[in-house]
Amino acid sequence: MKILHLDKNHHSLINDLKNSGYINVEGYKMSLDEIKSVIGQFDGIVIRSRFKIDSDFLKNGGGIKFVARVGSGIENIDIQYLKRRGIKLISAPEGNSNAVGEHALGLILSLLNNLNLANDSVKNKLWSREKFRGYEIENKTVGIVGYGNTGKSLARKLTGFNVKEIIFYDIRKKTKDSIARQVSIEELQNKCNILSIHTPQNNLSIGLINKTFIERMKNPFWLINTARGSAVKIMDLIDGIENKKILGAALDVLEYEKKSFENTFNGKIDQNFLNLIKNEKIILTPHIAGWTFESHLKLAKIIVQKIQKDFPV
């Protein structure tokens, strides 16, 4: 079985597949046209997010049996087309869920305790204690939007903080959970003090956190987004902070990101982004929530296991 790898991943992915008898071709620098010209030679594709996998991409890939996405988000893959072709979609949402949960928790702690600002102040030889007095997570209600692998990961980590309640909203009816309680979007908006986004990118999640959503939040709140940048409308977020409806925001993802997630700016700086970086109530990280050394290895191992299980050689 011959596999085309389109993005670099942990070296164990190719090594383990090779040791199991799979033939691997590293196409990290291949252009889209080059890939289309040779795709018919392969049985499977391993990708992160460099290309959109759709009918045009796969039109010459008559022998493709699977597409393996090394990660959780699959918005760059035409799932319905794969189903029509009988192509198996393999992903690894469990591979970086712990990393994202830890990162989200770290952002909450940094945001509520002004850690980034306090660090910068001390390094500038200032000792302004009262200015950086923070808030505790204890007795706060935490709302989670999207209760899949990463949402559940964050919820588990919050259990040691004596929060008032952990509630979640999800479009799917979930079975009873011992950690968090499923609620309507209205109840979530009425109760939570801290809101963390863990949705996949789809038509329902794009632009979810907008002016209307923010206005319907009963309490001033802190916002965390480690999901997809498209879930939060940046202009409305900035307005919410200026109106004191949002107490602060920590964003690992931005709506300006390229589909590959590798380069956001390309030499152009949006005015809204300038407003983001100037705002002291906003913390930004470069889409690294699931980007730990441990998750790098976990993702590779999970993809190998799933390929071996479904397409043994």
Side-chain angles (χ1 to χ4, degrees), residues 1-53 57-58 61 63-77 79 82 87-104 106 148-150 153 200-201 226-228 252-253 257-264 285-313:
M1 180 166 281
K2 196 172 181 181
I3 302 173
L4 177 61
H5 297 257
L6 298 178
D7 292 283
K8 285 186 178 181
N9 291 290
H10 192 277
H11 60 82
S12 66
L13 197 157
I14 285 182
N15 289 345
D16 289 351
L17 288 173
K18 180 181 178 181
N19 291 336
S20 297
Y22 298 85
I23 299 170
N24 302 276
V25 174
E26 300 173 48
Y28 312 141
K29 296 182 179 180
M30 293 175 68
S31 69
L32 182 58
D33 287 339
E34 287 173 329
I35 292 166
K36 288 180 180 179
S37 69
V38 300
I39 197 170
Q41 303 172 19
F42 295 91
D43 301 287
I45 295 170
V46 175
I47 189 169
R48 289 205 314 269
S49 53
R50 191 155 68 101
F51 296 108
K52 182 174 178 60
I53 308 299
F57 188 95
L58 294 169
I64 295 295
K65 299 175 179 64
F66 70 86
V67 173
R69 161 71 164 101
V70 186
S72 56
I74 51 177
E75 65 268 18
N76 63 315
I77 298 171
I79 301 171
L82 263 59
I87 298 172
K88 175 81 172 180
L89 173 59
I90 297 171
S91 64
E94 65 273 44
N96 60 5
S97 60
N98 182 71
V100 175
E102 287 191 5
H103 194 88
N149 287 281
T150 62
S153 175
Q201 180 169 300
T226 54
R228 286 292 183 262
D252 182 54
V253 288
E257 284 185 81
K258 305 305 177 186
K259 290 181 179 179
S260 68
F261 308 137
E262 295 297 332
N263 192 335
T264 293
T285 54
H287 203 138
I288 56 170
W291 203 246
T292 63
F293 290 102
E294 291 87 351
S295 70
H296 194 40
L297 176 60
K298 287 178 191 175
L299 288 167
K301 294 294 185 183
I302 290 169
I303 290 297
V304 169
Q305 290 168 6
K306 291 183 177 180
I307 291 175
Q308 290 172 334
K309 177 178 178 293
D310 293 331
F311 301 95
V313 293

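Fair warning: this is a prediction, and the values are worked out from it, not measured in the lab.
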(request) Go through the structure and list residues passing salt bridge (Lys or Arg N to Asp or Glu O under 4.0 Å) with Glu34, not counting sequence neighbours. (result) none
(request) For Lys8, enumerate each residue passing the salt bridge (Lys or Arg N to Asp or Glu O under 4.0 Å) test, keeping only those at least two apart in sequence or located in another chain. (result) none
Exam field: side chain [X] to backbone [Y], donor-acceptor pair closer than 3.5 Å:
X      : Y      : result
Ser153 : Ser97  : yes
Asn76  : Phe51  : yes
Asp7   : Ile47  : no
Thr226 : Val100 : no

Just verifying a value: how many Å separate [X] [atom1] and [Y] [atom2], rounded to the nearest 0.5 Å?
X      : Y      : atom1 : atom2 : value
Asn15  : Asn24  : CG    : CG    : 9.0 Å
Leu4   : Ile35  : CG    : CD1   : 6.0 Å
Asn96  : Thr150 : CG    : OG1   : 8.0 Å
Asp252 : Thr285 : CG    : OG1   : 3.5 Å
Ser12  : Ile303 : OG    : CD1   : 11.0 Å
Leu6   : Asn9   : CG    : CG    : 10.0 Å

Please name the pair of heavy atoms, one in [X] and one in [Y], separated by the smallest distance, quoted to 0.1 Å.
X      : Y      : result
Phe311 : Lys65  : CZ-O, 3.6 Å
Pro93  : Ser72  : CA-CB, 3.5 Å
Ala289 : His103 : CA-CG, 3.5 Å
Ile302 : Gly95  : CD1-CA, 3.5 Å
Ser295 : Gly290 : OG-O, 2.7 Å

Side chain proximity check, [X] to [Y], heavy atoms < 4.5 angstrom:
X      : Y      : answer
Gln201 : Val253 : no
Ile64  : Phe57  : no
Tyr22  : Asp16  : no
Val38  : Met30  : yes
Ile23  : Asp43  : no
Gln41  : Val25  : no
Ile45  : Ile39  : yes
Leu17  : His5   : yes

(message) Apply side-chain contact (heavy atoms from CB on, under 4.5 Å) to residues Arg228 and His287 and explain how you reach the verdict.
(response) CA-CA 9 Å; Arg228 286 292 183 262; His287 203 138; 3.7 Å; yes
(request) Could you pull out all residues at least two apart from Phe42 that satisfy ring pair (Phe, Tyr, Trp, His ring centres under 6.0 Å)? (result) none
(request) Report, as yes or no, whether the 6.0 Å neighbourhood of atom NZ on Lys306 holds more than 12 heavy atoms from other residues, nucleotides or ligands. (result) yes
(message) Tell me whether Tyr28 at atom OH has more than 12 heavy atoms from other residues, nucleotides or ligands lying less than 6.0 Å away.
(response) yes
(request) Output, in order, the C-alpha distance, side-chain angles, deciding distance and verdict of side-chain contact (heavy atoms from CB on, under 4.5 Å) for Arg69 and Ile53. (result) CA-CA 10 Å; Arg69 161 71 164 101; Ile53 308 299; over 6 Å; no
(message) Can you classify the ring geometry of His296 versus His10 as parallel (below 30°), tilted (30 to 60°) or perpendicular (above 60°)?
(response) perpendicular
